[in-house]
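First comes the structure, then the notes that go with it.
Throughout, protein chains are lettered first and strands after them, A, B, ... in sequence-line order, and every chain is numbered starting at 1. Scope of the values below: all heavy atoms of this structure, side chains included, with no hydrogens, waters or symmetry mates.
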Number of protein chains: 2
Amino acid sequence: MPRDITCLIVDDHEVVREGLRLSLSRASHIRVVGEASDGASAVALTERRRPNVVIMDVRMPGMDGLQATREINEKVPETSVLLFTAHNERSLLGRGLEAGAKGYILKEAPHQTLLRAIEKVAEGEGYVDPALMPTFLNSRDKEDMLTAREREILQLLADGMSNVEVAGRLFISQETVKSHVRHILAKLEADTRTHAVAIALRESIID
Amino acid sequence: MPRDITCLIVDDHEVVREGLRLSLSRASHIRVVGEASDGASAVALTERRRPNVVIMDVRMPGMDGLQATREINEKVPETSVLLFTAHNERSLLGRGLEAGAKGYILKEAPHQTLLRAIEKVAEGEGYVDPALMPTFLNSRDKEDMLTAREREILQLLADGMSNVEVAGRLFISQETVKSHVRHILAKLEADTRTHAVAIALRESIID
DNA sequence: AGTCGGATCCCCCGGAAGGGGCAGGAATTC
DNA sequence: GAATTCCTGCCCCTTCCGGGGGATCCGACT
């Protein structure tokens, strides 16, 4: 390895940033070149410092980690984003990879695993926390099964809308909405819209 | 202040524990006497080390922070629990205080605030993150409005049960369930059960 | 003793939801 | 160009839900 891996820490919790800095300071070949506490400044800082790796929390106030990841990928493609999050929610991994993240690791991961992940993504390879594989396989089915339209409708159901209201909002017929809802229920293996919404909220398919 | 404040760190994320240890090592009058990564060992360690303060994360695998707080309060009442969490969800603060926590502070709080909070609860006083006050006032209404029975029913609705199914499960008549549901809808200002469940899940009134 | 909230149960009713099948058109893929 | 997927729409039918009245019982609080 010719030179140090430069990396940027992004997390809205100071205590996490400190912990990370401390952890990484023990690895001689890793150098922290900056910190940010929200998505927007993470993007800005990445453009200026051009680190090899951005260690990015997903949930943050303001611009979240996924959006920041997208922008970094677009503006500074040579930088790899490693998502670092406490949430092993089903959909986050999928959405993270879609956003262009090179790696995904849980905060509960042991120290060594984190270092390995950083090295991997710095080399341009992908890294996904092995602990995620089971939930991943279970769930991508679930989220991916739903079409964009179906997710859109599910989201409106979660706001308490009736079929007629959804139809009005989307400028389609009520019958079409019923049709979509039937498909949603079948795919999520729910038997009422209420159950479907509960599943979707728990799995973060919708917000 | 006669002697150092002894404190125990409880968090399932290693990176957070490291950050906390680092932060607290800078305060000369605070001494970290142990760490735990789940609720059960937190309780056990508290019984042995009897620290002044336990800095406790709420969400952890296995026994969660609230349950651990209850047990610590029962078994080692002279120890004060300071809840330290990333989630400013409406119901957590209320439930935390019910569980016997002396303080509640967010992970995004600045360094100084954390130290202040630790000192406060070490003296036996309460401390609640000022940032929480607004959400607190808004929300306790919502959760407290619901009776235990109503929450129980709402939880079952979130699993997709119909009125009849809920009635069967709780050994009550379907009419009673309908009655409860009507009250739930009125209290949460929802117009369908689906909306009520969505609200409750988002506000963590149910899981 | 009286009042209040909570839990339980009952009736009625209109409208909504759930379940089934079916089908055209557009876009994509092979 | 054939196949597939998705969005869209329509039919019929049964069940469930939401909203409106009520009522009774019990325990807790005052």
Side-chain angles (χ1 to χ4, degrees), chain A residues 91 94-95 98 139-202 205-206, chain B residues 91 94-95 98 139-202 205-206:
Chain A
S91 73
R95 286 196 281 179
E98 275 166 27
S139 63
R140 279 222 41 101
D141 314 310
K142 275 212 174 129
E143 170 164 37
D144 280 359
M145 263 172 159
L146 294 185
T147 67
R149 191 58 153 178
E150 285 162 353
R151 273 196 296 273
E152 190 180 7
I153 285 170
L154 191 50
Q155 180 72 59
L156 297 177
L157 295 187
D159 292 331
M161 291 194 187
S162 67
N163 289 338
V164 179
E165 288 168 324
V166 172
R169 170 71 77 91
L170 300 181
F171 304 108
I172 56 181
S173 123
Q174 184 208 354
E175 293 302 323
T176 305
V177 177
K178 291 185 68 173
S179 200
H180 282 305
V181 171
R182 253 180 291 131
H183 294 151
I184 292 170
L185 296 187
K187 288 179 179 179
L188 294 185
E189 295 175 86
D191 25 48
T192 66
R193 63 181 56 218
T194 304
H195 197 192
V197 165
I199 291 170
L201 283 174
R202 288 174 177 144
I205 293 173
I206 56 174
Chain B
S91 71
R95 287 196 281 177
E98 276 165 25
S139 64
R140 274 207 65 85
D141 312 310
K142 274 217 173 126
E143 169 162 38
D144 280 358
M145 262 173 162
L146 294 185
T147 68
R149 192 57 154 176
E150 285 162 352
R151 271 197 298 273
E152 191 180 4
I153 285 170
L154 190 50
Q155 180 72 58
L156 295 178
L157 294 186
D159 293 330
M161 291 194 189
S162 67
N163 289 339
V164 179
E165 288 168 324
V166 172
R169 169 71 76 91
L170 299 181
F171 304 106
I172 56 180
S173 124
Q174 184 208 353
E175 291 302 323
T176 307
V177 177
K178 291 184 67 172
S179 194
H180 284 304
V181 171
R182 254 180 288 133
H183 293 150
I184 293 169
L185 296 186
K187 288 180 178 178
L188 294 185
E189 296 175 86
D191 28 45
T192 66
R193 64 182 54 216
T194 303
H195 198 194
V197 165
I199 291 171
L201 282 173
R202 288 175 176 141
I205 293 172
I206 57 174

>> Consider side-chain contact (heavy atoms from CB on, under 4.5 Å). Of L146(A), V166(A), N163(A), which one does I153(A) pass it with?
In response: V166(A)
>> Classify H183(B) by what it touches in the nucleic acid, base, sugar-phosphate, or nothing, heavy-atom distance under 4.0 Å.
In response: nothing
Where do N or O atoms of nucleotides 27-30 of chain C meet protein N or O atoms at under 3.5 Å, pair by pair?
none

Report, one pair per line, the protein and nucleotides 24-29 of chain D atoms (nitrogen or oxygen only) whose separation is under 3.5 Å.
none

> Do D159(A) and R193(A) meet the salt-bridge criterion of a basic N to acidic O distance under 4.0 Å?
Replying inline: no
Find the distance [X]:[atom1] to [N]:[atom2] and express it as a whole number of Å.
X	N	atom1	atom2	value
E189(B)	dG19(D)	CD	P	13 Å
I172(A)	dG24(C)	CD1	P	20 Å
L170(B)	dA7(C)	CG	C1'	12 Å
H180(B)	dC9(C)	NE2	P	8 Å
R151(A)	dC6(D)	CZ	C1'	13 Å
I153(A)	dC6(D)	CD1	C1'	12 Å
E150(B)	dG5(C)	CD	C1'	11 Å

> Run the side-chain contact (heavy atoms from CB on, under 4.5 Å) check on L156(B) and L170(B) step by step: do they pass?
Replying inline: CA-CA 10 Å; L156(B) 295 178; L170(B) 299 181; 4.0 Å; yes
>> Before you tell me yes or no, could you show the steps for L188(A) and L154(A) under side-chain contact (heavy atoms from CB on, under 4.5 Å), namely the whole-Å CA-CA distance, both residues' side-chain angles and the distance that decides it to 0.1 Å?
In response: CA-CA 11 Å; L188(A) 294 185; L154(A) 191 50; 4.0 Å; yes
> Taking five pairs at each end, how big is the angle between the two axes of the helix from dA1(C)-dT30(D) to dC30(C)-dG1(D), to 10°?
Replying inline: 60°
>> Can you tell me how far apart CG (L201(B)) and CZ (R202(A)) are? Round to the nearest 0.5 Å.
In response: 5.5 Å
> Could you state the interatomic distance from CD1 (I205(A)) to CD1 (I199(A)), rounded to the nearest 0.5 Å?
Replying inline: 8.0 Å
Not counting sequence neighbours, which residues clear salt bridge (Lys or Arg N to Asp or Glu O under 4.0 Å) with [X]? List them please.
X	value
D191(A)	none
E152(A)	R149(A)
E165(B)	none

Under 3.5 Å, which N/O atoms of the protein pair with N/O atoms of nucleotides 10-20 of chain C?
| residue | atom | partner | partner atom | Å |
| --- | --- | --- | --- | --- |
| dC11(C) | N4 | E175(B) | OE1 | 3.4 |
| dA17(C) | OP1 | N163(A) | N | 3.3 |
| dA17(C) | OP2 | N163(A) | N | 3.2 |
| dA17(C) | OP2 | N163(A) | ND2 | 3.1 |
| dG18(C) | OP1 | R193(A) | N | 2.8 |
| dG18(C) | OP2 | R193(A) | NE | 2.9 |
| dG18(C) | OP2 | R193(A) | NH2 | 3.1 |
| dG18(C) | O6 | K178(A) | NZ | 2.5 |
| dG20(C) | N7 | R182(A) | NH1 | 3.4 |
| dG20(C) | O6 | R182(A) | NH2 | 3.2 |

> What residues form a side-chain hydrogen bond (donor to acceptor under 3.5 Å, both in side chains) with E150(A), not counting sequence neighbours?
Replying inline: T147(A), K187(A)
Return a table of donor-acceptor pairs under 3.5 angstrom between the side chains of residues 175-186 of chain B and protein atoms on other chains or two or more places apart.
| residue | atom | partner | partner atom | Å |
| --- | --- | --- | --- | --- |
| H183(B) | ND1 | S179(B) | O | 3.3 |

> What pair of heavy atoms forms the shortest contact from A190(A) to A196(A), and how long is it?
Replying inline: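 Closest approach of A190(A) to A196(A), heavy atoms only: CB-N, 3.6 Å.
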> Which heavy atom of A158(A) sits nearest a heavy atom of A198(B), and at what distance?
Replying inline: O-CB, 3.0 Å
